[in-house]
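The block underneath contains the structure these notes are about, expressed in structure tokens.
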Amino acid sequence: MNTQAALRLTRRIARQALDGIFPPRCAGCRASGHILCAACAARVEPITPPFCQLCGMPLLVPGLCQGCKFRPPALSGLRVMAQYQEPLRTCIHALKYDGNTRLAEPLGLLLAQGYRNYGLQADAIIAVPLHHERERQRGYNHARLLAEVCAANIGITLYNDLLIRHRATSAQVGLQTRERYQNVAGAFMCTPASATGALCGRNMLIIDDVCTTGATLEACAEPLFAAGAATVWGLVLARP
């Protein structure tokens, strides 16, 4: 058993022990018994075709959205599971800001379902990294927790040592599109581990919770392409 699998097993055992003492409540409706009940899970409506073939934005007819026609994203493509609306919005917020890390399990499985439904093909998975100070303050990287569950479910290796956020950035919330791109420009870099050729010719998948403009995912993709990645796709839970 590798380190990641052992860590997941330890977390699962700890959760089961805690659930026996303090039964979980659904993040969506607060009903007792499940961290995300079946009724709330059923309310998360997946994005269905037609959608933009590049950014995944829902469309009325197949093809490309106006934004991608004007400025194609610096990604091979992006796929989105659902609209950023209830109950998914509350679940993402609870995972990201309220420390409800148990939500990584059902939400990560939702990403795995999207990977299969969209027919994505990846050789390796990377989570959008947090700056080390932000991760220290929060205590975890929510994107990595999601990626761990997704990667384990679809059987693809998750790499945590290939990409880092070497420059602290402001929160993207509240910034305009141009400001978002400026905020994360040059914030990510590949680590020395990538210099061994680990990325050369490989198909990479970047996982995050929410995509608004795509600025963060594109900033992550830039050094991956520079290190030799053949394709870089994004997969996220939701977008506004």
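For this chain, numbers begin at 1 and follow the sequence in order. Hydrogens, waters and symmetry mates are skipped; everything else that's a heavy atom, side chains included, is used.
In plain terms, the two heavy atoms of Val184 and Ala215 that are nearest each other are CG2-O, 3.6 Å. The two residues Cys52 and Cys65 come nearest to each other via the heavy atoms SG-N, 3.3 Å. The two residues Asn153 and Ala112 have their closest heavy-atom pair at OD1-CB, 3.4 Å. Closest non-hydrogen pair, Leu158 versus Ala151, comes out as CB-CB, 3.9 Å. Scanning all heavy atoms of the two residues, the minimum distance from Gly201 to Asp123 falls at O-OD2, 4.4 Å. Of all the heavy atoms in Leu95 and Ala104, the pair that sits closest is CD1-N, 4.1 Å.
Ion pair Arg165/Glu135 not flagged as a salt bridge, since none of the NZ, NE, NH1 or NH2 atoms sits closer than 4.0 Å to an Asp/Glu carboxylate oxygen. Between Arg71 and Glu218, at least one side-chain N (NZ, or NE/NH1/NH2) sits under 4.0 Å from a carboxylate O, which counts as a salt bridge.
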Taking it one step at a time, do Phe188 and Ile164 satisfy side chain to side chain contact (heavy atoms under 4.5 Å, CB included)? CA-CA 6 Å; Phe188 302 92; Ile164 61 171; over 6 Å; no
Side chain to side chain contact (heavy atoms under 4.5 Å, CB included) between Ile154 and Ile125: does it pass, once the steps are laid out? CA-CA 11 Å; Ile154 61 180; Ile125 291 177; 3.8 Å; yes
Under the side chain to side chain contact (heavy atoms under 4.5 Å, CB included) rule, what do Asp208 and Val210 come out as? Steps first, then yes or no, please. CA-CA 6 Å; Asp208 204 2; Val210 177; over 6 Å; no
Please lay out, stage by stage, how Leu88 and Ile92 fare under the test side chain to side chain contact (heavy atoms under 4.5 Å, CB included). CA-CA 6 Å; Leu88 184 57; Ile92 292 173; 3.8 Å; yes
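Distance check: Arg102 CZ to Leu107 CG gives 13.0 Å after rounding to the nearest 0.5 Å. Once rounded to the nearest 0.5 Å, the distance linking CG of Leu163 with SG of Cys190 reads 5.5 Å. Rounding to the nearest 0.5 Å gives a distance of 5.5 Å between CG of Asp161 and OG1 of Thr191. In this structure, SG in Cys220 is found 11.0 Å from CE in Met204, a value given to the nearest 0.5 Å. Within the model, atoms CD1 of Ile126 and CD1 of Ile206 stand 6.5 Å from one another, a figure rounded to the nearest 0.5 Å. Note: Ser76 OG to Leu224 CG = 10.0 Å, rounded to the nearest 0.5 Å.
Using modelled atom types, one finds a donor on one side chain and an acceptor on the other under 3.5 Å when comparing Gln172 with Asn183. Between Arg25 and Asn100, the side chains place no donor N or O within less than 3.5 Å of an acceptor N or O (distance only, hydrogens not considered). One side chain, Asn203 or Thr231, offers a donor N or O that lies under 3.5 Å from an acceptor on the other.
Side chain of His142 to backbone of Gly99: no donor-acceptor contact under 3.5 angstrom is found. Side-chain atoms of His131 come within 3.5 Å of backbone N or O of Glu133 as a donor-acceptor pair. The closest donor-acceptor contact from the side chain of Arg167 to the backbone of Ala185 lies under 3.5 Å. No donor-acceptor distance shorter than 3.5 angstrom exists from the side chain of Arg43 to the backbone of Ala38, with no hydrogens or angles considered. Glu179 contributes a side-chain N or O that, together with a main-chain N or O of Gln176, makes up a donor-acceptor pair within less than 3.5 Å. A donor-acceptor pair under 3.5 Å is absent between the side-chain atoms of Asn141 and the main chain of His132, judged by distance alone.
The number of heavy-atom neighbours closer than 6.0 Å to CD of Gln137, taken from other residues, nucleotides and ligands shown, is above 12.
Taking the side chain as every heavy atom from C-beta outward, Cys29 and Pro87 never approach each other to under 4.5 Å. Considering only heavy atoms from C-beta on, Leu205 comes within 4.5 Å of Tyr115 through its side chain. Between Thr212 and Arg180, the closest side-chain pair of non-hydrogen atoms falls below 4.5 Å. Counting only heavy atoms from C-beta outward, the side chains of Tyr118 and Trp233 never approach each other to under 4.5 Å. When side chains are defined from C-beta on, Tyr84 does not count as touching Arg239, because their heavy atoms never get closer than 4.5 Å. Here the side chains of Val44 and Leu110 are in contact, with some heavy-atom distance below 4.5 Å. Between Val236 and Leu78, the closest side-chain pair of non-hydrogen atoms falls below 4.5 Å. No side-chain heavy atom of Gln83 sits under 4.5 Å from any side-chain heavy atom of Glu45.
In the hydrophobic cluster analysis, where Ile, Leu, Val, Met, Phe, Trp and Tyr join through side-chain heavy atoms closer than 4.5 angstrom, Tyr181 is grouped apart from Leu217. Hydrophobic clustering places Leu75 together with Leu199 (ILVMFWY residues linked when any side-chain heavy atoms are closer than 4.5 Å, directly or through intermediates). At a threshold of 4.5 Å between side-chain heavy atoms, the hydrophobic network of Ile, Leu, Val, Met, Phe, Trp and Tyr places Ile207 and Leu120 in one connected group. Under a hydrophobic clustering in which Ile, Leu, Val, Met, Phe, Trp and Tyr are joined whenever their side-chain heavy atoms come within less than 4.5 Å, directly or via other members, Leu130 and Leu162 fall into different clusters. Linking Ile, Leu, Val, Met, Phe, Trp and Tyr whenever their side-chain heavy atoms come within less than 4.5 Å leaves Met81 and Leu59 in two separate clusters.
With sequence neighbours excluded, no residue forms a salt bridge (charged side-chain N to carboxylate O under 4.0 Å, His left out) with Arg202. For Arg30, the salt bridge (charged side-chain N to carboxylate O under 4.0 Å, His left out) criterion is met by no residue, not counting sequence neighbours.
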